[in-house]
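Beneath this line is the structure, given in C-alpha coordinates, with notes to follow.
Note that the structure is a prediction, hence the values are computed from the model and not measured.
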Amino acid sequence: MMNGNIIELSYSCFGDSSEFLIWYEDENNENRVYTSGGKVISFPSEEKARRKADELNINITDTCFYDVERLIYWFSMHQKEMDCDFLIDFWNMFSDIANSIGKELEPKTRRSDRCYNKLFWGLNLPAVTPEGCEYEPVFTKRERKLIREIMRTGLDIFEKNSEWE
(Lines give C-alpha, C1' and ligand atoms only; values in the text may rest on other atoms or scores of the structure.)
Protein backbone atom coordinates (compact mmCIF):
# COMPACT_ATOMS: atom_id res chain seq x y z
CA MET A 1 0.00 0.00 0.00
CA MET A 2 1.23 3.47 -0.90
CA ASN A 3 0.84 6.48 1.38
CA GLY A 4 -0.59 9.75 0.20
CA ASN A 5 -2.49 12.93 0.90
CA ILE A 6 -5.49 14.73 -0.47
CA ILE A 7 -4.64 18.15 -1.85
CA GLU A 8 -7.39 20.75 -1.68
CA LEU A 9 -6.91 23.52 -4.22
CA SER A 10 -9.07 26.45 -3.14
CA TYR A 11 -10.05 29.18 -5.57
CA SER A 12 -12.14 31.16 -3.10
CA CYS A 13 -11.47 32.82 0.23
CA PHE A 14 -14.87 31.47 1.29
CA GLY A 15 -13.78 27.88 0.66
CA ASP A 16 -16.73 27.25 -1.63
CA SER A 17 -14.75 26.68 -4.80
CA SER A 18 -12.26 23.85 -4.42
CA GLU A 19 -11.03 20.84 -6.28
CA PHE A 20 -9.20 17.88 -4.82
CA LEU A 21 -6.21 15.88 -6.03
CA ILE A 22 -4.65 12.65 -4.82
CA TRP A 23 -0.94 12.99 -4.07
CA TYR A 24 1.11 9.89 -3.28
CA GLU A 25 4.57 8.41 -3.24
CA ASP A 26 4.87 5.68 -5.86
CA GLU A 27 6.76 2.39 -5.67
CA ASN A 28 9.95 4.19 -6.82
CA ASN A 29 9.61 6.77 -4.02
CA GLU A 30 8.65 9.42 -6.58
CA ASN A 31 6.05 12.03 -5.61
CA ARG A 32 3.07 11.89 -7.94
CA VAL A 33 -0.49 13.05 -8.34
CA TYR A 34 -3.15 10.69 -9.64
CA THR A 35 -3.46 10.83 -13.40
CA SER A 36 -5.39 8.99 -16.06
CA GLY A 37 -4.83 9.21 -19.80
CA GLY A 38 -2.05 11.75 -19.33
CA LYS A 39 -4.30 14.13 -17.37
CA VAL A 40 -4.28 15.10 -13.70
CA ILE A 41 -7.60 13.98 -12.27
CA SER A 42 -9.48 16.45 -10.07
CA PHE A 43 -12.37 15.56 -7.80
CA PRO A 44 -15.26 17.83 -6.81
CA SER A 45 -15.11 16.73 -3.16
CA GLU A 46 -12.67 15.34 -0.64
CA GLU A 47 -14.94 12.34 -0.13
CA LYS A 48 -14.79 11.38 -3.82
CA ALA A 49 -11.02 11.76 -3.83
CA ARG A 50 -10.75 9.55 -0.73
CA ARG A 51 -12.96 6.88 -2.31
CA LYS A 52 -10.76 6.82 -5.41
CA ALA A 53 -7.62 6.65 -3.24
CA ASP A 54 -9.12 3.62 -1.48
CA GLU A 55 -9.75 1.98 -4.88
CA LEU A 56 -6.12 2.68 -5.82
CA ASN A 57 -4.87 1.23 -2.51
CA ILE A 58 -3.45 4.59 -1.40
CA ASN A 59 -3.52 5.17 2.35
CA ILE A 60 -4.51 8.82 2.85
CA THR A 61 -2.83 10.30 5.92
CA ASP A 62 -3.73 14.00 5.61
CA THR A 63 -5.50 16.71 3.64
CA CYS A 64 -3.31 19.63 2.58
CA PHE A 65 -4.81 23.02 1.75
CA TYR A 66 -3.43 25.18 -1.07
CA ASP A 67 -4.81 28.70 -1.50
CA VAL A 68 -4.71 29.16 -5.28
CA GLU A 69 -6.56 32.47 -5.05
CA ARG A 70 -3.78 33.86 -2.83
CA LEU A 71 -1.14 32.58 -5.26
CA ILE A 72 -2.85 34.23 -8.24
CA TYR A 73 -3.11 37.49 -6.29
CA TRP A 74 0.56 37.23 -5.29
CA PHE A 75 1.92 36.87 -8.80
CA SER A 76 -0.57 39.18 -10.53
CA MET A 77 0.08 42.02 -8.07
CA HIS A 78 3.87 41.52 -8.22
CA GLN A 79 4.01 41.15 -4.46
CA LYS A 80 7.48 41.56 -2.94
CA GLU A 81 6.49 39.47 0.07
CA MET A 82 8.14 36.07 -0.19
CA ASP A 83 6.38 33.62 2.13
CA CYS A 84 8.83 30.73 1.92
CA ASP A 85 6.41 28.07 3.28
CA PHE A 86 3.64 29.11 0.94
CA LEU A 87 5.78 29.38 -2.20
CA ILE A 88 7.85 26.22 -1.71
CA ASP A 89 4.68 24.20 -1.13
CA PHE A 90 3.32 25.36 -4.49
CA TRP A 91 6.70 24.89 -6.21
CA ASN A 92 6.89 21.30 -4.96
CA MET A 93 3.26 20.54 -5.83
CA PHE A 94 3.55 22.00 -9.33
CA SER A 95 6.78 20.05 -9.84
CA ASP A 96 5.02 16.82 -8.79
CA ILE A 97 2.12 17.60 -11.13
CA ALA A 98 4.46 18.29 -14.06
CA ASN A 99 6.49 15.13 -13.40
CA SER A 100 3.30 13.05 -13.13
CA ILE A 101 2.32 13.95 -16.69
CA GLY A 102 5.81 13.92 -18.21
CA LYS A 103 6.35 17.67 -18.28
CA GLU A 104 8.97 19.92 -16.73
CA LEU A 105 8.05 22.77 -14.40
CA GLU A 106 11.15 24.80 -15.10
CA PRO A 107 14.50 24.21 -16.74
CA LYS A 108 17.06 23.48 -14.05
CA THR A 109 19.42 26.44 -13.99
CA ARG A 110 21.71 27.87 -11.37
CA ARG A 111 19.28 30.77 -10.98
CA SER A 112 16.23 28.56 -10.42
CA ASP A 113 18.24 26.33 -8.06
CA ARG A 114 19.36 29.41 -6.11
CA CYS A 115 15.75 30.63 -5.83
CA TYR A 116 14.52 27.23 -4.65
CA ASN A 117 17.38 26.98 -2.13
CA LYS A 118 16.63 30.44 -0.74
CA LEU A 119 13.00 29.42 -0.23
CA PHE A 120 14.08 26.14 1.37
CA TRP A 121 16.58 27.72 3.75
CA GLY A 122 13.99 30.40 4.54
CA LEU A 123 11.85 27.65 6.09
CA ASN A 124 14.38 27.51 8.95
CA LEU A 125 13.68 23.83 9.54
CA PRO A 126 15.11 22.67 12.88
CA ALA A 127 16.81 19.67 11.25
CA VAL A 128 18.97 21.90 9.00
CA THR A 129 19.11 25.27 10.78
CA PRO A 130 21.78 25.60 13.47
CA GLU A 131 20.36 26.28 16.91
CA GLY A 132 20.06 29.99 17.62
CA CYS A 133 20.31 30.89 13.93
CA GLU A 134 17.70 32.07 11.48
CA TYR A 135 17.98 32.65 7.76
CA GLU A 136 16.01 35.54 6.29
CA PRO A 137 16.42 35.34 2.50
CA VAL A 138 16.64 38.48 0.42
CA PHE A 139 15.37 38.06 -3.12
CA THR A 140 16.46 40.26 -6.00
CA LYS A 141 13.90 41.65 -8.42
CA ARG A 142 15.09 39.08 -11.01
CA GLU A 143 14.64 36.23 -8.53
CA ARG A 144 11.13 37.36 -7.59
CA LYS A 145 10.28 37.58 -11.29
CA LEU A 146 11.62 34.07 -11.92
CA ILE A 147 9.64 32.63 -9.00
CA ARG A 148 6.47 34.34 -10.32
CA GLU A 149 7.14 32.84 -13.76
CA ILE A 150 7.60 29.37 -12.25
CA MET A 151 4.35 29.71 -10.29
CA ARG A 152 2.46 30.88 -13.40
CA THR A 153 3.94 28.02 -15.42
CA GLY A 154 2.94 25.50 -12.75
CA LEU A 155 -0.62 26.77 -12.62
CA ASP A 156 -0.79 26.80 -16.42
CA ILE A 157 0.50 23.21 -16.66
CA PHE A 158 -2.11 22.11 -14.15
CA GLU A 159 -5.02 23.97 -15.76
CA LYS A 160 -4.19 22.74 -19.28
CA ASN A 161 -3.57 19.15 -18.24
CA SER A 162 -6.33 18.34 -15.76
CA GLU A 163 -9.86 17.06 -15.97
CA TRP A 164 -12.68 16.21 -13.62
CA GLU A 165 -13.55 12.67 -12.71
* Determine whether W164 and L9 fall in the same hydrophobic cluster, where Ile, Leu, Val, Met, Phe, Trp and Tyr are linked whenever their side-chain heavy atoms lie under 4.5 Å apart. => no
* Going by the side-chain contact (heavy atoms from CB on, under 4.5 Å) test, name the single residue among D54, L56, T61 that passes it with I58. => L56
* Mind running side-chain hydrogen bond (donor to acceptor under 3.5 Å, both in side chains) on D62 and N5 for me, showing each step along the way? => CA-CA 5 Å; D62 200 3; N5 294 323; 5.6 Å; no
* So how far is it from L119 CG to R114 CZ, rounded to the nearest 0.5 Å? -> 12.5 Å
* Gap separating the CZ atom of R50 from the OG atom of S45, nearest 0.5 angstrom -> 10.5 Å
* **Counterpart residues, salt bridge (Lys or Arg N to Asp or Glu O under 4.0 Å), relative to K160 (two or more places apart)** => D156
* Partner set under side chain to side chain contact (heavy atoms under 4.5 Å, CB included) for R142, not counting sequence neighbours -> R111, T140
* Structure fact -> CG (D67) and CD (E8) are apart, to the nearest 0.5 Å, by 9.5 Å
* To do: Output all residues satisfying salt bridge (Lys or Arg N to Asp or Glu O under 4.0 Å) with R144, sequence neighbours left out; order by chain, then residue number.
  => none
* Check ion pair E47-R51 (N to O, under 4.0 angstrom) -> no
* Asked: Quick one: do V68 and I88 end up in the same hydrophobic cluster if we chain Ile, Leu, Val, Met, Phe, Trp and Tyr together by side-chain heavy atoms under 4.5 Å apart?
  -> yes
* Asked: Considering all heavy atoms of both residues, which atom of L123 and which atom of D85 are nearest to each other, and what is their separation?
  -> CD2-OD1, 2.7 Å
* **Pair E165 + K48, salt bridge at N-O below 4.0 Å** => no
* Determine the sole option in N92, L21, T35 for which the side-chain contact (heavy atoms from CB on, under 4.5 Å) test with I97 is passed. => L21
* So, E143 and K141, do they make that salt bridge, N to O below 4.0 Å? -> no
* For T153 and E149, indicate whether the former's side chain and the latter's backbone hold a donor-acceptor pair under 3.5 Å. => yes
* To do: Would you kindly confirm whether Y116 and M82 end up in one hydrophobic cluster when ILVMFWY residues are joined by side chain heavy atoms under 4.5 Å apart?
  => yes
* Before giving the answer on ring pair (Phe, Tyr, Trp, His ring centres under 6.0 Å), spell out for Y66 and F90 the whole-Å C-alpha distance, their side-chain angles and the decisive distance to 0.1 Å. => CA-CA 8 Å; Y66 287 77; F90 269 102; 5.2 Å; yes
* Evaluation steps, side-chain hydrogen bond (donor to acceptor under 3.5 Å, both in side chains), between S12 and E69 -> CA-CA 6 Å; S12 165; E69 183 179 51; 5.4 Å; no
* Asked: Between S112 and T109, is there a donor-acceptor pair closer than 3.5 Å when you use the side chain of the first and the backbone of the second?
  -> yes
* Asked: Does NZ or CZ of K52 lie under 6.0 Å from the centre of the six-membered ring of F43, at an angle within 45° of the ring axis?
  -> no
* **Heavy-atom donor-acceptor pair, K103 side chain to I157 backbone, under 3.5 Å** => no
* Salt bridge R70-E81, side-chain N to carboxylate O under 4.0 Å -> yes
* Mind listing the closest non-hydrogen atom pair of A49 and F20 along with its distance? => CB-CB, 4.1 Å
* Counting only N and O atoms by type, is there a donor-acceptor contact under 3.5 Å from the side chain of S10 to the main-chain atoms of S18? -> no
* Asked: Are the side chain of D26 and the backbone of N28 linked by a donor-acceptor contact shorter than 3.5 Å?
  -> yes
* When you measure from the side chain of R152 to the backbone N and O of F75, does any donor-acceptor pair fall under 3.5 Å? -> yes
* Kindly state whether the ring of F94 and the ring of F158 have centres lying under 6.0 angstrom apart. => no
